[in-house]
Amino acid sequence: MNTEILLKSERCKGCGICVSFCPKKVLGLDTLGHCSVINEQACIACGQCELRCPDYAIFVDKKVGA
Amino acid sequence: MNTEILLKSERCKGCGICVSFCPKKVLGLDTLGHCSVINEQACIACGQCELRCPDYAIFVDKKVGA
Amino acid sequence: MTDMKLMQGNEACAAGAVAAGVRFFGGYPITPSTEIAETMAKILPSVGGCFVQMEDEIGGMGVVLGASLAGKKVLTATSGPGFSLKQELIGYAACAEIPVVIVNVQRVGPSTGQPTSPAQGDVMQARWGTHGDHPMIALSPWTVRETFDAAVMAVNYAERFRTPVILLMDEIVGHLRENVQLPAAENIDIYPRRCPSKTRLQGYEPYAPEADLVPNPADFGTGYRIHVTGLVHDYTGFPSGSPAVTEEFIDRLHKKILLAQDEITHYDEFFMDDAEYAVVSYGGVARTAYEAVRQARAKGIKAGMIRLMTIWPFADKVIRRNAESLKGILVPELNYGQLKYEVERAAGGKCPVKLLAKYNTEIFVPGEILEGIEALKGGRL
Amino acid sequence: MTDMKLMQGNEACAAGAVAAGVRFFGGYPITPSTEIAETMAKILPSVGGCFVQMEDEIGGMGVVLGASLAGKKVLTATSGPGFSLKQELIGYAACAEIPVVIVNVQRVGPSTGQPTSPAQGDVMQARWGTHGDHPMIALSPWTVRETFDAAVMAVNYAERFRTPVILLMDEIVGHLRENVQLPAAENIDIYPRRCPSKTRLQGYEPYAPEADLVPNPADFGTGYRIHVTGLVHDYTGFPSGSPAVTEEFIDRLHKKILLAQDEITHYDEFFMDDAEYAVVSYGGVARTAYEAVRQARAKGIKAGMIRLMTIWPFADKVIRRNAESLKGILVPELNYGQLKYEVERAAGGKCPVKLLAKYNTEIFVPGEILEGIEALKGGRL
Amino acid sequence: MKQLRLSGSGGQGVITAAIIFAEAAMSEGRQVVQSQSYGPEARGGASKAEVIIDDAPIYHPKIIKPDIVLSLTQKAADKYYKDLDNAEGLLVVDEDLVPNVPVFANVIKVPVTRIASEQVGKMLFTNIVALGVLVKLSKLISFESAEMSVKGRVPVHTIEQNIKALKLGYDAV
Amino acid sequence: MKQLRLSGSGGQGVITAAIIFAEAAMSEGRQVVQSQSYGPEARGGASKAEVIIDDAPIYHPKIIKPDIVLSLTQKAADKYYKDLDNAEGLLVVDEDLVPNVPVFANVIKVPVTRIASEQVGKMLFTNIVALGVLVKLSKLISFESAEMSVKGRVPVHTIEQNIKALKLGYDAV
Amino acid sequence: MKERTYEKYFRQNRLPHIWCPGCGNGIAMKAIVQAVEMRGLPRDKTIIVSGIGCSSRASGYMDFDTLHTAHGRAIPFATGIKLANPELNVIVITGDGDCTAIGGNHFIHGARRNIDLTVVLFNNTIYGMTGGQASPMTPLHKKATTAPYGSVDRPFDACNLAQAAGASYVARSTAFHVQHMTDMIAEGISCRGFAFIETVVQCPTAYGRKNKMPDPAEMMKWMRDNAVMKTAWDRMPEEKKADKFPIGVFHRHQAVEYTEAYSEVITLAQEGGK
Amino acid sequence: MKERTYEKYFRQNRLPHIWCPGCGNGIAMKAIVQAVEMRGLPRDKTIIVSGIGCSSRASGYMDFDTLHTAHGRAIPFATGIKLANPELNVIVITGDGDCTAIGGNHFIHGARRNIDLTVVLFNNTIYGMTGGQASPMTPLHKKATTAPYGSVDRPFDACNLAQAAGASYVARSTAFHVQHMTDMIAEGISCRGFAFIETVVQCPTAYGRKNKMPDPAEMMKWMRDNAVMKTAWDRMPEEKKADKFPIGVFHRHQAVEYTEAYSEVITLAQEGGK
Ligand SMILES: Cc1ncc(C[n+]2csc(CCOP(=O)(O)OP(=O)(O)O)c2C)c(N)n1
Ligand SMILES: Cc1ncc(C[n+]2csc(CCOP(=O)(O)OP(=O)(O)O)c2C)c(N)n1
Ligand code: SF4
Ligand code: SF4
Ligand code: SF4
Ligand code: SF4
Ligand code: SF4
Ligand code: SF4
Ligand SMILES: [Mg+2]
Ligand SMILES: [Mg+2]
């Protein structure tokens with residue numbers, strides 16, 4: 001994996017915006033409605049999730065050196 | 001004279017608008033500042049004085065039959 | 001009587017107003033009064049009336065005054081900050097004698113304060129909020145059912161006295177739901193819009209008072225060509241700078257209501273026959289006070305309660321009469337002390353008047369008031 | 001002392017404010033207060049200050065509160081209808097503890113009323129005009145010179161207590177010209193803008209009270225990054241819904257002023273040493289009352305006078321102390337009866353308190369008040 | 001007199017559940033008062049709804065001593081269980097959302113949110129699942145009254161799912 | 001104590017004249033109060049200005065019994081002369097604008113408006129002509145004090161005409 | 001003398017009006033009654049609503065049902081009247097301060113709702129009633145008692161504002177162009193929706209004196225010389241526009257009127273629709 | 001993980017914010033701090049002023065001097081701050097109700113004066129805070145708790161209004177177009193004068209639920225599909241414009257800024273000029 005996904009779960013409200021806008025279906029919501037990474041490998045670090053997360057709860061970087 | 005000038009002096013406040021806009025110098029202000037007809041013959045019944053008098057104090061008609 | 005319903009105070013307020021003939025609502029949303037507007041938005045068009053949401057509370061006040069002049073019975077509703085904004089035009093309504101009911105569902109202030117929490121902090125503002133001398137009628141219900149009745153009454157008084165009437169609710173009752181059985185429509189007394197008693201030709205003067213000191217200005221559009229102004233005016237309705245006219249005018253504004261004061265002073269006395277100590281209470285707080293007084297009785301204290309529904313004009317006589325025979329009065333209020341000043345004044349030194357103030361966003365519990373009664377009795381207040 | 005000048009009350013008000021350090025005025029013109037704005041428009045830019053005419057009285061209130069937060073001493077001025085409009089933001093100033101002086105040059109109300117005529121009809125509104133619980137300081141000068149002093153004092157109190165202060169003038173004094181000699185600048189005591197006593201790093205809390213219960217929120221732009229809100233807030237300045245915080249907050253708002261009440265209660269006693277009857281009076285009316293009391297003395301009546309400059313907080317103690325030894329109090333007011341209620345309450349039944357109300361656009365003549373004193377003495381009131 | 005407190009956070013619908021409960025009790029001829037309080041914030045924050053049921057008129061409108069407290073968040077549980085009677089009082093919590101159950105005599109844990117989410121299909125129905133639980137546990141009203149009341153208060157197109165939620169809750173305890 | 005009342009209608013400038021009079025008296029070391037009242041209308045309507053002059057501080061700020069009343073309109077004359085002392089009081093009226101002079105012991109008629117209009121050049125100066133008249137008749141202040149005071153209160157470019165008006169008034173009686 | 005039929009629309013017993021000599025308000029008031037007459041509005045179904053100001057005193061002189069409201073609030077009151085009884089014709093008379101200062105919000109919201117009012121603004125570019133303070137329509141650098149060094153507050157173009165806010169009809173005229181003014185108002189009355197007419201009027205007292213134009217006739221000549229008909233204005237090169245201003249109809253756009261829109265709500269509600 | 005430098009502009013101890021799950025306000029707030037960073041505004045000389053509403057809660061989360069005023073009054077307070085100390089940068093955060101309903105008058109007057117403020121309107125087309133009443137920007141026929149039969153009040157185009165009132169800079173963006181939004185705001189900050197940026201944000205709770213769009217992501221996709229860049233918009237045939245709306249910069253016009261204009265007054269006064 002060459003991306004790093006950081007979820008600040010204390011900030012996440014489970015709105016699903018990141019899930020909807022992720023082009024690679026990397027993200028999902030769990031039963032209790034929180035964002036979770038379900039397919040980290042697929043992430044292309046496009047940043048769509050971070051860009052639109054209204055709660056600053058998800059951050060994605062290309063892994064250093066990757 | 002073929003015009004009739006009616007001055008309702010209780011309404012006239014002596015603003016001089018009629019005097020200024022009369023093309024024939026028919027009207028004037030007296031010492032105490034009231035409108036007066038000073039040259040009735042010259043009146044051409046153009047209605048400029050009546051049109052702009054803000055106090056509805058002056059009325060001009062062509063004399064009936066004139 | 002109609003079916004039993006679970007109804008919120010704010011809904012009951014809207015329902016009461018409509019039952020009393022209100023067909024026009026203009027206002028601006030604000031917590032905790034918003035449900036009144038929302039209910040009106042739903043009901044009014046279905047009875048051919050009109051709901052309009054204005055740009056602010058001032059517009060809300062202006063639009064209902066215009067509609068009232070055009071013949072509709074009208075209501076507006078607000079809370080704290082909005083009530084402050086409406087003050088100028090409340091004075092206009094008083095001066096131009098336009099029937100209107102203003103509901104103020106009180107919340108914690110000052111300023112934005114605690115929008116969702118209960119308080120009774122606008123009691124004095126309801127009387128004195130606008131500039132200049134003016135009378136005021138203000139009613140404060142304590143149950144959901146009484147909120148319905150109070151709304152009917154407020155509309156009737158507004159029409160009868162041609163004056164603004166304040167329906168001074170609080171968040172406790174406004175947001176409370178309880179079971180209520182509303183009266184059937186045919187059992188509701190409705191005061192109709194007053195009409196001119198003369199024609200233009202008979203020398204009709206729109207602001208000439210009738211025997212009850214209330215004038216009958218014609219509704220707009222009915223052919224009377226009247227003039228309405230917020231300047232001091234004479235019977236013709238046109239401005240007058242005459243001292244005599246001004247004096248009579250301001251006097252009449254007050255007297256038309258003071259004349260009827262006994263009739264419009266609504267209150268309950270509970271356990272007062274042999275009471276030595278009385279709790280004077282109003283609005284939602286009175287529910288807790290009642291509980292406390294019952295508990296005091298259970299403990300053998302000769303406690304009673306005077307529950308004021310009519311806040312303004314103030315029930316001077318009721319308080320004075322009772323003060324003569326009481327050993328003390330306790331005034332629990334959800335504020336820093338407001339109506340207490342009136343009670344104290346009315347009591348005229350006949351018995352001590354003590355305030356039990358709470359202003360922390362929470363309502364009283366019966367135990368607190370009970371303690372207050374005991375402390376009053378024990379001279380510890 | 002400076003040269004003798006013929007000065008109008010409204011001009012003296014503006015001059016006093018500028019002398020006290022006011023450098024920002026925002027407002028909206030309204031008779032009979034307009035000369036205050038006009039004077040400010042002329043003076044302020046010449047001392048590097050700023051005058052701005054806003055779109056309405058609400059904007060006028062908002063703009064001065066903003067300027068105050070940014071470090072300026074500020075003034076706004078209005079009359080009746082404008083005072084009603086400003087009420088919401090007066091509450092904001094009380095809640096967010098922003099120093100501001102609001103001048104209300106009273107005129108006849110309610111509503112547009114009689115814009116050019118004198119009255120004292122906004123006395124209760126000055127205390128209770130905005131929603132929710134809040135304290136209030138209001139000063140009412142009786143001479144042009146005292147108007148200057150009262151303006152200085154009002155600005156100082158606003159700064160010292162971080163609170164709105166009402167300079168409750170009336171048209172009588174506002175439009176009166178008389179000869180005055182103003183104090184030299186170096187003889188004027190100025191209360192400086194309060195400053196934070198800690199740095200951010202030292203754990204500065206903008207709304208933590210000092211010993212006098214007044215907090216020191218930093219001026220904007222000075223690096224403290226504070227938050228100011230009209231919601232109930234804790235010492236950090238951020239909103240809090242906690243009952244404990246709310247209680248302490250509202251209590252502190254009142255106590256910070258009540259603590260200093262004796263010091264800020266300004267009044268004169270004239271001929272009170274052996275007085276049996278007293279006139280309690282304020283504002284322009286006190287000038288006539290003084291004349292009447294002198295005339296009463298000349299007729300052998302033991303009359304005295306208590307002249308209240310501080311209207312709010314009300315001089316309870318002064319009235320109570322005097323009521324003990326008096327046979328009666330007369331309260332002449334240019335209204336339907338307002339401060340009379342407070343005098344009556346404070347007298348607590350110790351002596352009769354009678355109102356002499358005039359509300360016909362004219363001021364009292366000394367003879368009327370003299371008659372009032374005689375009637376009081378004769379038990380005819 | 002019986003006193004029920006339903007607590008949670010802003011969007012969880014505890015007020016609706018309380019209203020439905022109160023209405024059902026009313027339909028069975030009882031006196032009820034229903035009230036609520038929001039946190040200082042209108043959005044989010046804590047939310048609390050109360051129902052008092054009695055045969056005589058109810059004056060003081062708030063709960064003094066709850067018989068049952070339902071809490072759908074940890075915060076709510078921590079805050080609101082305290083005045084329950086140690087012997088008689090009952091605390092009902094969401095099994096997932098209240099991980100640290102307060103130390104208390106009578107606690108019932110029900111995964112109401114999970115039931116709503118997994119079995120009804122949307123977390124939106126959590127409050128009705130919880131209502132079902134309360135109907136069963138409180139024994140104050142019949143399932144039928146609750147059912148009627150639900151039907152009257154929810155949007156028409158959601159009635160079916162809501163009734164399902166109510167049943168699931170009722171059957172979960 | 002001396003009490004002067006100047007009355008007329010909205011645009012006639014009686015207030016300015018009163019202020020100038022008061023200021024001149026002040027400059028001579030007297031105590032003064034100056035007040036005015038407008039009609040109910042801000043524009044037009046009646047206008048009244050008062051000056052009280054004394055050596056002791058003046059409390060009650062309005063005239064009780066005027067010594068002199070100046071009236072520049074019929075309405076003002078009719079309304080304001082009444083409380084003049086029949087023996088001592090003096091009524092001064094505009095000769096043209098007050099055609100029906102009230103029946104009163106001491107009346108002085110001066111064509112102040114005409115003087116302003118014809119001799120100063122504009123009706124605008126009527127008030128200062130009237131002021132000149134009052135200075136002379138009242139004997140309360142010197143012409144020089146009045147002159148100084150006028151200079152301080154009128155727009156710079158009109159000083160000359162105003163002083164001319166003052167003189168014309170002063171000399172007209 | 002022929003009868004001046006419009007005189008019947010005045011309350012004769014209240015004339016002469018209180019306005020100063022030469023005040024342009026009288027001219028605009030006459031234009032309104034003449035427009036009412038032209039349009040044949042039934043007198044007892046026509047309501048005149050005004051705010052507070054010299055201009056707003058007009059309502060007192062006009063023989064209809066008339067309402068002199070509070071400063072800035074004429075439009076909400078008028079909205080209430082119209083909504084309560086849509087068969088009434090409601091004409092609002094307001095001043096530049098009344099309409100665009102304290103009443104600015106109601107003004108744009110009236111236009112937004114497109115409620116059927118005819119709003120006539122008497123623009124004297126000053127607060128006349130209170131003695132000459134600057135208004136939001138006082139031209140740059142002109143003097144006022146609250147702008148003793150000349151006004152630095154940019155003025156509104158009220159016509160632009162009305163249009164941007166949604167008015168159906170927007171026009172301007174001047175006290176010099178009396179007949180044109182009457183026509184502009186008459187067309188506004190015909191418009192079903194929010195109609196706004198700015199009438200430029202002279203205030204010799206509070207504005208003229210402070211700005212070296214104390215003579216009302218001079219002020220009207222200034223209007224004559226500087227007002228440019230819209231059609232000519234549109235063809236005028238920018239550099240010639242300085243100090244000039246356009247008059248005429250600026251905007252006509254028929255949209256659903258508010259009381260009509262609300263009648264749809266009533267229909268929906270009564271059908272039990274939700 | 002690389003540092004997100006804009007995070008320093010948040011009051012970390014006050015996050016998470018109170019906004020509902022999926023509320024667009026968080027996106028707009030981030031755009032503002034990023035624009036502030038882009039423009040390098042000195043933090044201790046930058047003041048955030050807001051009114052009352054969900055949107056106006058933003059001030060509490062931003063680590064500057066911040067002011068949460070009364071409903072509708074942010075602009076007058078901000079005007080006072082700026083006039084009192086012109087070296088401060090003042091950014092106003094407001095809602096569609098706050099700015100165009102109760103605050104409408106202050107809004108147009110701020111624009112008229114051209115005072116140097118950057119006003120960012122969070123437009124969720126509803127009153128969020130009070131639970132979903134119609135605002136003056138609620139689209140026609142949409143539902144709200146006070147418009148249960150669908151709104152019949154025509155909405156404002158706040159950008160048009162700002163321009164007509166005199167703003168120096170007017171732009172619009174959406175919560176979908178995050179980067180564009182940031183740029184629009186940053187340009188507004190650079191503008192010396194009254195800058196107005198409307199940011200369309202989703203309110204799934206109070207607006208979405210009532211109007212069959214309870215999912216915030218769906219609402220953002222609606223923005224993506226219906227917002228049209230100004231340049232494209234201008235070339236778009238009218239019939240295709242229905243339901244679509246333009247974004248981008250609508251207006252740039254540099255005029256004298258108000259505090260600068262006022263400094264002229266000070267100079268004049270101090271020269272003793274009159
Ligand atoms: C709430 C309120 N604020 C201020 C005033 C004072 N006031 C009366 S009229 C007026 C301005 C009038 O200006 P405009 O609307 O232009 O009318 P004009 O007199 O110029 O015709 C003002 C400020 C008032 N009556 N009420
Ligand atoms: C004077 C006053 N009136 C009404 C309110 C109630 N109120 C608070 S926020 C709000 C509307 C907020 O709408 P908007 O500005 O669009 O902000 P949003 O919550 O949608 O972000 C209202 C009406 C208030 N606080 N003060
Ligand atoms: S967008 Fe943010 S808040 Fe929403 S689910 Fe994703 S991480 Fe959580
Ligand atoms: S960075 Fe792009 S691909 Fe990776 S999780 Fe976020 S949206 Fe999906
Ligand atoms: S225009 Fe009218 S008021 Fe003016 S002077 Fe002529 S007649 Fe008199
Ligand atoms: S009608 Fe014409 S010519 Fe005759 S007086 Fe009037 S303006 Fe002069
Ligand atoms: S002050 Fe101006 S607007 Fe008012 S009446 Fe006089 S001239 Fe007309
Ligand atoms: S109600 Fe709407 S605007 Fe308010 S926080 Fe929730 S989603 Fe955001
Ligand atoms: Mg004007
Ligand atoms: Mg919004």
Side-chain angles (χ1 to χ4, degrees), chain C residues 8 10-11 14 24-63 75-86 88 105 107 109-116 171 174-175, chain H residues 18 50-54 56-57 59-60 67-77 94-108 125-138 142-156 158 161 206-207 210:
Chain C
Q8 195 194 41
N10 281 346
E11 289 166 3
F24 194 98
F25 181 99
Y28 192 78
I30 183 165
T31 308
S33 76
T34 306
E35 294 84 3
I36 300 173
E38 291 171 340
T39 307
M40 286 306 226
K42 220 166 183 171
I43 302 180
L44 278 178
S46 69
V47 296
C50 177
F51 165 91
V52 60
Q53 185 176 315
M54 294 298 284
E55 47 273 20
D56 62 13
E57 285 86 351
I58 301 173
M61 211 40 224
V63 82
L75 186 82
T76 188
T78 191
S79 297
F83 193 53
S84 292
L85 288 170
K86 284 180 189 288
E88 188 203 2
V105 186
R107 65 188 222 185
S111 194
T112 316
Q114 296 282 18
T116 56
E171 196 271 349
H175 276 169
Chain H
I18 56 158
S50 64
I52 295 285
C54 292
S56 289
R57 282 304 191 92
S59 57
L67 174 59
H68 181 231
T69 68
H71 190 37
R73 316 304 174 191
I75 291 176
F77 277 79
T94 177
D96 44 317
D98 194 62
C99 184
T100 73
I102 191 167
N105 207 25
H106 309 305
F107 171 43
I108 58 178
T125 71
I126 201 82
Y127 291 175
M129 180 63 100
T130 42
Q133 298 76 34
S135 95
M137 299 184 74
T138 300
K142 293 295 178 187
K143 290 198 173 157
T145 60
T146 49
Y149 307 101
S151 174
V152 294
D153 296 43
R154 251 186 335 167
F156 274 137
L161 204 54
Y207 182 81
K210 280 235 148 32

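Chain A is the first sequence line, chain B the second, and so forth, proteins listed ahead of strands; every chain is numbered from 1. All values below come from the heavy atoms of this structure, side chains included, with hydrogens, waters and symmetry mates left out.
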J.: Identify which part of H:H68 has an atom lying under 4.5 Å from any heavy atom of chain C, answering side chain, backbone, both or neither.
T.: neither
J.: What part of C:S111 gets closer than 4.5 Å to chain H, counting heavy atoms only: side chain, backbone, both or neither?
T.: neither
J.: Sort out for me which of C:M40, C:E35, C:E38 touches chain H most, counting heavy-atom pairs under 4.5 Å.
T.: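 Ranked by heavy-atom pairs under 4.5 Å with chain H, first place is C:E38.
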J.: Kindly compute the distance separating OH (H:Y149) from CZ (C:F51), expressed to the nearest 0.5 Å.
T.: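 If I round to the nearest 0.5 Å, the distance is 11.0 Å.
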J.: Side chain from CB out, backbone as N, CA, C, O: work out which of these in H:D153 comes under 4.5 Å of a heavy atom of chain C, or both, or neither.
T.: side chain
J.: Quick check: do C:E57 and H:I102 have side-chain heavy atoms less than 4.5 Å from each other?
T.: yes
J.: At a 4.5 Å cut-off on heavy atoms, which part of C:I58 comes close to chain H: side chain, backbone, both, or neither?
T.: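 Contact with chain H is absent: no heavy atom of C:I58 under 4.5 Å.
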J.: Within the structure provided, determine whether H:N105 and C:D56 are in side-chain contact (heavy-atom separation under 4.5 Å).
T.: no
J.: Between C:P32 and chain H, which part of the residue has a heavy atom less than 4.5 Å away: side chain, backbone, both or neither?
T.: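 No part of C:P32 comes within 4.5 Å of chain H.
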J.: Hey, does the side chain of C:Q53 reach the backbone of H:Q133 with a donor-acceptor pair shorter than 3.5 angstrom?
T.: no
J.: In terms of heavy-atom pairs under 4.5 Å with chain C, which of H:G104, H:G103, H:A144, H:A101 leads?
T.: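 Most heavy-atom pairs within the cutoff with chain C belong to H:A101.
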J.: Heavy atoms only: give me the nearest H:T146-C:A41 pair and the separation to one decimal.
T.: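 Of all heavy-atom pairs spanning H:T146 and C:A41, the closest is O-CB, 3.6 Å.
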J.: Restricting to non-hydrogen atoms, name the atom on H:T130 and the atom on C:P29 that form the minimum distance, rounded to 0.1 Å.
T.: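 Minimum heavy-atom separation between H:T130 and C:P29: OG1-CB, 4.5 Å.
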J.: Picking from C:T34, C:V52, C:I30, which has the most non-hydrogen pairs under 4.5 angstrom with chain H?
T.: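 Result: the option with the highest number of such pairs is C:T34.
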